[in-house]
Every structure is written in structure tokens, then in C-alpha cells.
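Below, read A as the first sequence line, B as the second, and so on, with proteins coming before strands; counting in each chain starts at 1.
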Amino acid sequence: MSERNFICVACPMGCELHVALDEKGGVAAVTGNNCKRGVAYAQAETTHPTRSFHSTVRVEGGNAPLVSVKSRAPVPKAMLMDCAKATRAAKAKAPIAIGDVLLADVCGTGIDLIATNRVS
Amino acid sequence: MAENYELIVVGGGPAGMAAALEAEKDGVTKILLLERAETLGGILEQCIHTGFGLHYFGEELSGPEYADRFIVPTEQSSAIEVKLDTMVLEVTPGENAHQVLAINKTDGLLELNARAVILAMGCRERPRGALNIAGTRPAGVLSAGTAQKYVNMDGYLPGKEVVILGSGDIGLIMARRMTFEGAHVKMVCELMPYSSGLTRNIVQCLDDFDIPLKRSCTVVAIHGTERLEGVTIAKVDKNRRPVPGTEAFVPCDLLLLSVGLIPENELTRGAGIEIDPVTAGACVSQDRETKIPGVFACGNVLHVHDLVDYVTMESQLAGAGAAAYIQDRADKNPDYVGTHGKNGVRYVVPQRVNKHVTENVKLYFRVGQVYKNAVARLRAGETVLTQRKRARLAPGEMEDLTVTPEQLSLLPEGAELTIEVAEGK
Amino acid sequence: MTENYDVAVIGAGVIGTLIARSLSRYNLRVALLEKLHDVAQGTTKANSAIVHAGFDAKPGTFKAKYNVRGAAMMPELCQTLHVPYANNGALVLGFDDDDVPVLESLLERGRRNKVPGLRLIGKEELLAMEPNVNPCAVGALYAPSGGIVSPFDLAIAAAECAVANGVDFYRDFDVARINQHDTHFSIYSAAGKKRTAKLVVNAAGVHADDVAHLVGDDSFHISPRRGEYLLLDNTQAGVVNATIFQCPSDMGKGVLITPTVHHNILIGPSADDIDVKDDLSTTDPGLKGIQTTMRLSVPGYQIKDVITSFSGLRAHSNTGDFVLRPSLIDPRFIHAAGIESPGLSASPAIAAYVVKLFADVWEEELSEKTNWNPGRPKPLRIKELSREERREAIKKRPEYGRIVCRCETVSEGEIIDAIRAPAGARDMDGVKRRTRAGMGRCQAGFCGTKVLEILSRELQLPPQEITKFGAGSQILLGKTK
């Protein structure tokens with residue numbers, strides 16, 4: 001049985017998680033966590049690690065040159081740099097409200113990028 | 001002609017807005033919020049990464065989203081008047097009212113009076129000069145926050161090959177941001193043997209992108225005539241002095257400095273308010289009142305916070321305190337007990353607590369180094385009032401312990417509250 | 001494009017700009033040629049900012065003569081040009097019996113140089129004047145005529161005055177070739193631009209010998225001598241009132257601690273002879289060394305309040321004195337070279353003397369302008385105005401009400417003034433020197449982005465083209481997207 005170590009990032013505590021893996025590479029046991037979010041994090045980080053993504057998108061005709069965006073839900077960790085490239089090419093038109101979808105289904109992740117600021 | 005307000009709040013960032021809104025909630029009706037930038041929100045506007053609001057809202061918000069939760073009610077409030085692009089030049093405490101001198105383009109010079117003033121000016125970054133790094137003085141050496149403004153707000157890239165000095169949160173966050181924007185972040189150097197940033201930021205901003213974090217390492221020289229051409233890094237010994245022979249040249253065109261934040265207390269000092277030399281912010285009581293009655297301070301101007309959620313909560317205390325002061329509900333004869341950090345605890349805020357309080361008081365503190373399996377204890381003399389075990393205590397993460405009204409009322413004359421940390425076995 | 005001048009001044013440091021200003025009094029076509037992007041970019045921008053009383057220089061030298069004369073001219077010149085100056089006095093500390101004869105010989109020298117008011121003082125009087133100096137000091141030489149001035153403000157003001165009086169100022173004009181003709185010189189920049197002038201004044205600082213070589217004159221050699229400095233925050237103001245020296249050494253007047261006219265505290269310089277004339281790097285041993293040396297003078301200053309460190313080059317001539325004379329190769333080529341300490345103190349007198357040298361050689365009629373203005377408009381400083389004056393200023397230009405630099409309380413209006421002024425600011429450092437925006441304890445952390453925006457707008461340049469101090473020092477390398 002093999003083992004993996006993570007630092008949990010579910011909250012600022014930064015618990016050091018020790019994950020015992022089963023034969024199929026799945027999670028057998030998690031120790032070192034202070035709450036159940038640690039278990040969920042260890043599960044996710046072992047099988048399909050995801051991250052929140054954020055960046056900016058250029059705005060046309062607005063009172064700011066850029067608008068900040070984030071992924072509505074975490075995207076696969078491996079897709080972060082693809083998402084970053086996608087935002088560099090994207091453009092949005094003012095006015096923009098918080099929550100507006102600026103890039104739907106970013107890089108085929110099924111996740112939308114939404115505005116996190118207002119532009120008039 | 002001086003204009004009169006019940007409350008003037010200096011600073012329209014998260015601290016100022018939360019304080020003003022709380023004061024409004026408690027019935028203050030004539031509030032003026034003065035902000036030097038052209039928008040409300042303060043530094044949150046350029047902090048476009050997510051991770052804000054987990055504690056206060058139970059959601060993961062970006063900086064602008066978190067700010068917006070306060071901007072909307074502030075703008076809609078009938079009690080709060082907002083003046084943007086307005087710089088406060090002086091706060092002069094007075095017997096019955098405090099004077100505030102401010103300046104802007106449209107009103108010119110503003111001479112204002114208020115029963116109470118809340119100071120919420122935030123903090124600024126330590127510059128290169130404070131570090132005394134040898135070498136040339138080319139373009140391409142910026143504080144991380146300045147770079148954050150250029151990249152996130154203006155859309156310009158201040159460099160392509162990047163070295164970051166200091167693993168404070170802004171430095172870590174900027175490592176990831178620069179990477180997302182196509183720059184190559186070569187390394188983050190940290191003078192101390194541990195990072196002062198949040199652990200999750202080290203994981204998500206450095207580890208995820210294979211950016212090395214070099215601990216006990218610093219930049220000893222800057223090279224390049226017009227534009228930065230590289231830096232010399234070196235390992236440091238336990239006294240933080242560079243070790244001869246460990247120098248290495250790292251080519252780069254941008255050096256970002258994330259070497260600490262300093263509360264911006266020019267106005268506080270100018271008003272003659274006592275400053276805590278450790279926090280570099282005012283000395284305050286549990287409702288964040290400074291030693292001058294009716295003048296309050298909250299947020300990063302009081303002490304540097306790692307999470308905006310705590311700024312919000314602290315600022316609500318200041319807002320409520322100011323409201324009580326304005327409405328003459330405040331305790332006229334407070335009996336204060338001092339708070340102190342000992343044995344590894346660098347500071348405690350608030351610096352004093354009124355024994356007559358009717359609600360629990362949270363004492364916030366920071367440790368001076370990393371502790372594992374540690375116990376933080378709040379004591380009054382030999383008596384341990386409360387203690388909390390923590391798997392890890394780090395300078396980058398603010399902690400708190402609670403003292404109850406009952407515990408306070410039982411304190412003997414001349415007692416002091418101390419917080420200390422002990423490493424467990 | 002060629003432009004023809006009566007006289008070209010090479011080098012826009014404090015010497016070149018003051019000479020250009022003095023020449024602008026006459027009906028002459030004057031060009032001021034500067035290699036870099038702004039005035040005051042060489043020795044002028046980084047030195048001790050001291051108006052020496054004049055007790056140090058060897059009697060009979062140009063240094064001795066023009067120091068005392070220049071120091072006497074400085075207060076009025078600074079008043080005319082609205083340049084900050086203060087007569088704070090100077091002290092040379094003695095720490096043991098060995099120092100006493102040194103102080104006595106300085107006193108004797110000073111008297112021969114006609115330094116006014118010079119006297120030795122005992123420990124008691126010293127500590128009464130300067131309570132923070134090391135109580136181990138046995139006494140001091142006191143020079144009441146010593147002063148402090150902002151050297152770059154002086155050069156900026158002189159250039160502004162010169163340009164307003166008709167002098168043409170050329171930035172980025174790196175003189176690379178000079179052809180001598182019967183009636184004039186042809187002066188070419190490295191970029192191939194050409195200006196002609198009937199006479200040339202060589203005020204090229206550490207490069208003055210290189211410029212002399214261009215006309216075949218190798219009569220002197222300039223070696224750069226580097227001095228490193230530390231600048232302390234104005235929270236340290238008052239730690240000393242006078243300029244405090246230690247007994248001099250072969251390399252210079254020793255490490256000093258002095259207030260600046262902008263209420264900071266300056267300590268330095270170290271002294272290193274170096275090989276490269278543009279090496280303005282600071283070194284760890286240099287900065288540490290001056291801190292250690294300075295503890296002897298003033299044990300209690302707070303080193304944590306350092307806001308910046310920098311180094312400057314003194315243009316040390318192998319002749320040991322200022323080189324103030326026509327070239328032996330061609331008398332129409334006048335040197336104002338080797339101007340190391342006390343060059344700043346002597347600068348007003350040097351400018352006057354160089355104009356005299358010029359007049360001696362000039363064969364055409366020399367008439368004064370009827371409308372020459374010796375001064376410049378007083379720069380408006382919001383920080384220094386009364387409430388009523390502030391109100392008036394903002395009424396006239398609302399931008400005076402928008403504070404850009406928080407540490408030094410500098411408004412957008414002042415920055416616009418600095419850019420629009422004659423020989424005005426063209427880069428971030430230029431704005432900083434003229435307005436102090438970015439000079440404070442945050443060192444442009446907050447205002448840098450705004451200053452860049454204002455420069456971009458005023459100069460009608462995209463932000464990526466705004467520099468820290470001229471070509472190659474761009475702040476931004478491109479757009480993110």
C-alpha cells in the first residue's frame with residue numbers, strides 16, 4: 001500500500017494530510033485532517049485535482065480596460081494554463097455585471113468564467 | 001465653514017465600509033466616508049484572485065466580489081455620504097468634536113468636524129530601500145502590489161522573467177498571476193526558514209506551477225544599468241546574514257518585492273495617537289478605540305491582517321464602538337486591563353480591555369516563529385483563563401483566544417492579560 | 001537637421017546648467033547638450049548636497065577660492081531660483097588628542113581661505129549644539145557659514161531659467177564626435193545629430209576628459225570616485241541640525257551625517273576609486289562601512305529608518321584642482337572640468353568665472369538682454385501652502401486638489417507643472433526629482449502607477465514607452481492581453 005502527502009488548502013489551516021492509497025490508487029484512509037473537508041480534499045486531490053481559476057478579460061467600450069473573472073466552479077488543475085491562454089484571447093463588451101458569463105464552457109471544461117466586478 | 005458629521009470614516013476599503021455600515025446599523029445617521037481612490041473597495045479591487053470570504057460569507061469570492069458586498073449597501077445607504085478621490089491631510093482631535101482636513105478636486109479644501117472618527121487607511125508595502133539591497137538602480141524592481149495594479153487593473157506586464165523576493169501572500173499570489181499572464185516566474189526567495197504566506201497559497205501559487213520556494217535565501221545584489229538584467233541570490237545563515245560562497249547569479253528582468261506590509265499611520269501619528277511599536281498601529285481597546293476618546297482604528301491600519309474576513313469583523317467592532325460613543329452609550333468610567341504577548345507571542349490586539357464589557361472579547365495575536373503541536377494560553381498572572389491546542393502556529397496566520405465578561409470581572413486590581421505559546425511534547 | 005549656435009554647453013549637471021543660465025543673460029544662441037534623458041543625471045544627482053564653508057581646500061587653489069565665493073553666492077541664488085537652501089552650519093568632530101592638531105590646521109587653512117566665523121569649540125558647546133553626537137568627542141571645528149542645498153533642484157531650476165531665457169536644451173545628445181573648423185565646431189551625437197557652435201564649454205562631469213579628447217586635448221584625466229549614501233526617513237529629522245564631519249582623510253572629507261533640505265537625514269559617502277564611469281552600484285561593504293563609521297559621530301540614529309541607498313561619482317581630476325581654463329589645443333574650447341567636492345558649493349562662482357573666460361575669448365559683440373529673468377516661477381507645493389492658498393490654487397487648477405503621492409503630499413497639478421515646465425520632466429525619476437512624488441517612505445509603491453499614467457497622458461505616449469530615466473529603462477514590457 002502506498003502513501004501520498006498533501007497540504008490541505010480547503011481553508012487557511014493548511015493541514016498536512018497523509019493519504020493511504022489502495023491497490024487501484026484510490027483513497028483508503030486519510031489522517032492529519034482537522035475536519036471532514038480534509039477528507040474530501042484528499043479524495044479530490046488524489047483522483048482528479050481541481051483548482052479555482054481567475055484572471056482578467058479585456059473590455060471594449062467600458063470605464064476600465066479589464067474586468068476580473070473567475071471560474072464558477074473549480075476546473076481540472078491540468079487545465080489551468082489552457083484557461084489562462086483562453087482569457088488572454090477573450091474580449092468582453094461593457095456594461096458588465098458581477099456574475100455575467102464572459103466565457104462559457106472554458107476550454108471544454110464545462111465550467112463558465114464569470115465576471116467578478118462591474119464595468120460600466 | 002466647517003461641516004459637521006456624527007462620524008467620519010477615513011478610508012473606503014473593506015475596513016472603512018464595514019465600520020460605516022455597522023455604525024449605520026446602530027443608528028448613526030450622518031456619516032461621511034472619505035476615500036482617496038476613484039472607487040470604493042480599496043486594495044481588494046486589484047486582488048482578483050479568489051479565497052476571500054470563506055469565514056465571513058462561507059463562500060469563495062474574489063477581492064472585487066467581496067468588496068462589492070459592501071459597496072452596494074454603502075452606495076445605497078442614506079446615512080453614509082461618500083466622497084471619492086479625496087485625501088485626508090490631517091485629523092486633529094478636539095474636546096467635543098474632532099477636525100478632519102481633506103482635499104479634492106471638486107470641493108477644494110474640506111474642513112470637517114465629527115463627533116467620532118474611524119481611521120481605516122490600510123497599509124503599504126515595504127520598499128527596496130528598507131532592505132538596503134546592494135547593486136544598481138535599474139527599472140524592473142517593483143513591489144508586488146504595484147505589479148499587481150499594473151497587471152490586474154491596467155493590463156500591462158512589468159516583466160517576463162521574474163524573481164520574487166519574499167513569500168508574503170502578495171508575492172505568492174503574484175507568482176501565480178504572472179504565470180497566468182505568460183511570464184516565467186523563476187523562483188521565490190524567502191529570507192526566513194519559513195514562509196510568511198498562507199500554506200494554501202504556497203500550494204496553489206507555487207507548487208502547482210513548479211515554482212521553487214527558496215527558504216533562507218535572499219537577494220544580495222541587483223544588476224543592470226537601464227533595465228534589470230539579473231540578481232545575485234545567496235543563502236543566509238541563522239542570523240539572516242548571507243553565507244559567502246553561496247552566491248548565484250539569476251538572470252531576470254523583473255524583481256518583485258513582497259517583504260512586508262506597514263500600517264499607514266501618518267494621520268494617526270499626526271493626531272498624537274499612541275502607536276504600538278510592534279503592530280505599528282494604534283493602541284486600542286476592545287471596541288478599537290484609540291487612547292483618544294472618539295477616535296477609532298480598524299483593519300490593516302491597526303495591524304496587518306492575513307484575511308479580509310477578520311478585517312470586516314474587527315471593523316464592525318469599531319463601527320459599533322463609534323456608534324455607542326456618538327450616542328453616549330459608551331462606558332464613562334472604563335476600567336482597563338492591559339494585554340501582552342509573552343514567550344513567542346509578538347503582539348496582542350486589542351492592547352487593553354474594559355473589565356465592564358458584557359460580551360466576550362476576542363484577543364487576536366501573532367506568533368514570532370513556526371510552532372508545531374503548540375498550546376496557546378491566555379493567563380492572568382498564574383491563572384490560565386483559556387487555552388487552545390494547535391497543530392501548527394505560524395507568523396503568517398493570525399490566531400485568537402476569547403476572554404469572557406465573567407473572567408474579566410473577576411480579575412484582581414492591577415492584573416494583566418498575557419498570551420503565551422508553548423510547544424507541546 | 002543642423003542647428004547653429006554661438007555656444008554649446010556640454011553637460012547639464014549643476015555646472016552646465018548654471019553656466020547655460022549665466023550665458024542666457026546675453027544675446028547669444030546657446031545650446032545645452034545632455035547625454036542622458038534629463039538634467040542632473042550625473043554627479044549632480046547623488047552627492048552630499050552640502051554647501052561647504054571652505055576650510056578644507058588647499059589655499060590658493062580654484063577649489064579654495066571658488067568654494068568660499070560660491071558659498072557666499074548660494075543663498076541669494078537659491079532665493080532667486082526658488083531652490084531649497086539652509087544655512088545650518090558645519091562641525092568637524094575631534095575624538096582624541098591626535099585629532100586636535102588636525103582641527104587646528106583646518107582652522108588655519110579656513111582662515112587663509114577667508115572662511116567667515118570659523119572657530120574651535122569645546123565639548124560642552126558642541127553637545128549643547130548637537131545633543132546626539134557621540135559624547136566621546138573632545139571638541140569640534142565650527143563653521144557657521146556651512147549650508148545644505150538640493151543639488152538636483154538647483155540644476156533643474158537653472159535649466160528651467162536658462163530655457164525660459166532662450167537656451168535650447170537637447171536631451172539624449174551623447175556627444176561622440178567634434179570637428180574643429182576655422183569659424184566653429186561641428187558637434188555630432190552618437191545618434192548622428194549635428195549642432196554647430198562657435199564656442200564650446202566642456203562641463204561633462206566624469207566624462208569631461210573623454211569630451212576633451214574629441215578635440216585632441218589630453219591635458220587632464222578624470223577618474224571616477226564612487227561614494228555611497230544612505231537616506232533616512234524624515235522621522236529621523238532632528239537627530240542632527242548641523243552637517244557633522246569627521247576628520248578628513250586622503251580620499252575625501254570623510255563620512256558625514258547631515259540633514260537635507262527636504263528634512264531627511266543623509267549619511268555617507270564611502271570613497272572608492274573605480275574603473276567604470278557609469279558604475280553607480282551600491283555595495284554591501286560600502287553601505288555597512290558608512291553605517292559603522294557613522295556610529296562614531298552619532299551613535300543613536302535609527303538604521304531601520306533607511307528609505308533608500310544610492311551612490312554617486314565624483315569627477316576626480318589628476319590635476320588635483322578644478323580644471324577651469326580654455327583648452328591648450330583650441331582656446332575656443334573652455335573646460336569646466338574636474339568639478340569634484342566642493343564643486344556644488346563653488347558652482348555659482350564657477351559659472352560666473354566660466355562666463356568671464358568665455359567673454360575673454362568671444363570676439364563678437366556681447367550685449368545683455370533687456371528682458372533677462374534671473375529666476376523662475378516658484379513651484380507650487382500644496383504641502384507647503386496655507387489653507388487659504390490651497391483653496392485658491394485648487395480653484396485655479398482642480399488637479400492641485402488630487403493628491404497622488406501620499407507620503408510627500410504631492411498633487412497631480414504639481415506633477416503636470418513639472419512635466420510642462422521648460423526643460424520639464426520626461427520620465428518617472430524626472431517627476432520624482434521635481435515634485436518629490438515617490439521620494440517618500442513608500443518609494444513610489446502607490447504613486448508610481450499614477451505618475452506613469454500622468455506622464456503617458458501629458459506626453460501623449462503609450463504607457464509602455466514611459467521610462468524610469470530614459471531609453472531602455474521602460475517600466476512596462478508590454479500588454480498582458
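Note on B:Gly108, B:Gly140, B:Gly155: by heavy-atom pairs under 4.5 Å with chain C, the leading option is B:Gly155. Counting heavy-atom pairs closer than 4.5 Å to chain B, the top residue among C:Gly401, C:Ala471, C:Gly448 is C:Gly401. Among C:Leu452, C:Asp429, C:Ile382, the residue with the largest count of heavy-atom pairs under 4.5 Å with chain B is C:Leu452. By number of non-hydrogen pairs under 4.5 angstrom with chain C, the leading residue of B:Thr146, B:Val141, B:Leu228, B:Thr86 is B:Thr146.
Between C:Ile403 and B:Ile103 there is a side-chain heavy-atom pair separated by less than 4.5 Å. By the 4.5 Å heavy-atom criterion applied to side chains, B:Glu226 and C:Phe469 are counted as neighbours. At a threshold of 4.5 Å between non-hydrogen side-chain atoms, the residues B:Glu111 and C:Arg391 count as touching.
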Q: Begin from the C-alpha positions of C:Thr308 and B:Arg137 and carry the test side chain to side chain donor-acceptor pair (under 3.5 Å) through to its verdict.
A: CA-CA 10 Å; C:Thr308 189; B:Arg137 312 191 61 76; 3.0 Å; yes

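What you find for C:Pro463 and B:Tyr156 is that their closest heavy atoms are CG-OH, 3.3 Å.
Atoms CZ and CZ, from B:Arg36 and C:Phe446 in turn, are 6.0 Å apart once rounded to the nearest 0.5 Å.
Of the charged side-chain nitrogens involved, at least one lies within less than 4.0 Å of a carboxylate oxygen, so that B:Glu38 and C:Arg402 count as a salt-bridged pair. Classification of B:Glu266 and C:Arg406 as a salt-bridged pair fails, no side-chain N sitting under 4.0 Å from a carboxylate O.
B:Arg227 places a side-chain N or O within 3.5 Å of a backbone atom of C:Ile475 that can act as its donor or acceptor partner. Distance alone, capped at 3.5 Å, places no donor-acceptor pair between the C:Thr480 side chain and the B:Leu157 backbone. A donor-acceptor pair is defined here as one N or O able to donate and one able to accept, closer than 3.5 Å; no such pair exists between the side chain of B:Thr136 and the backbone of C:Ser281.
For B:Thr106, no part sits under 4.5 Å from any heavy atom of chain C, backbone or side chain. Only the side chain of B:Glu90 comes within less than 4.5 Å of a heavy atom in chain C; its backbone stays farther off. In this structure, the portion of B:Leu101 lying under 4.5 Å from any heavy atom of chain C is its side chain and not its backbone. Using a 4.5 Å cut-off between heavy atoms, B:Lys160 touches chain C through backbone and side chain atoms alike. With a 4.5 angstrom heavy-atom cutoff, B:Leu89 touches chain C only via side-chain atoms.
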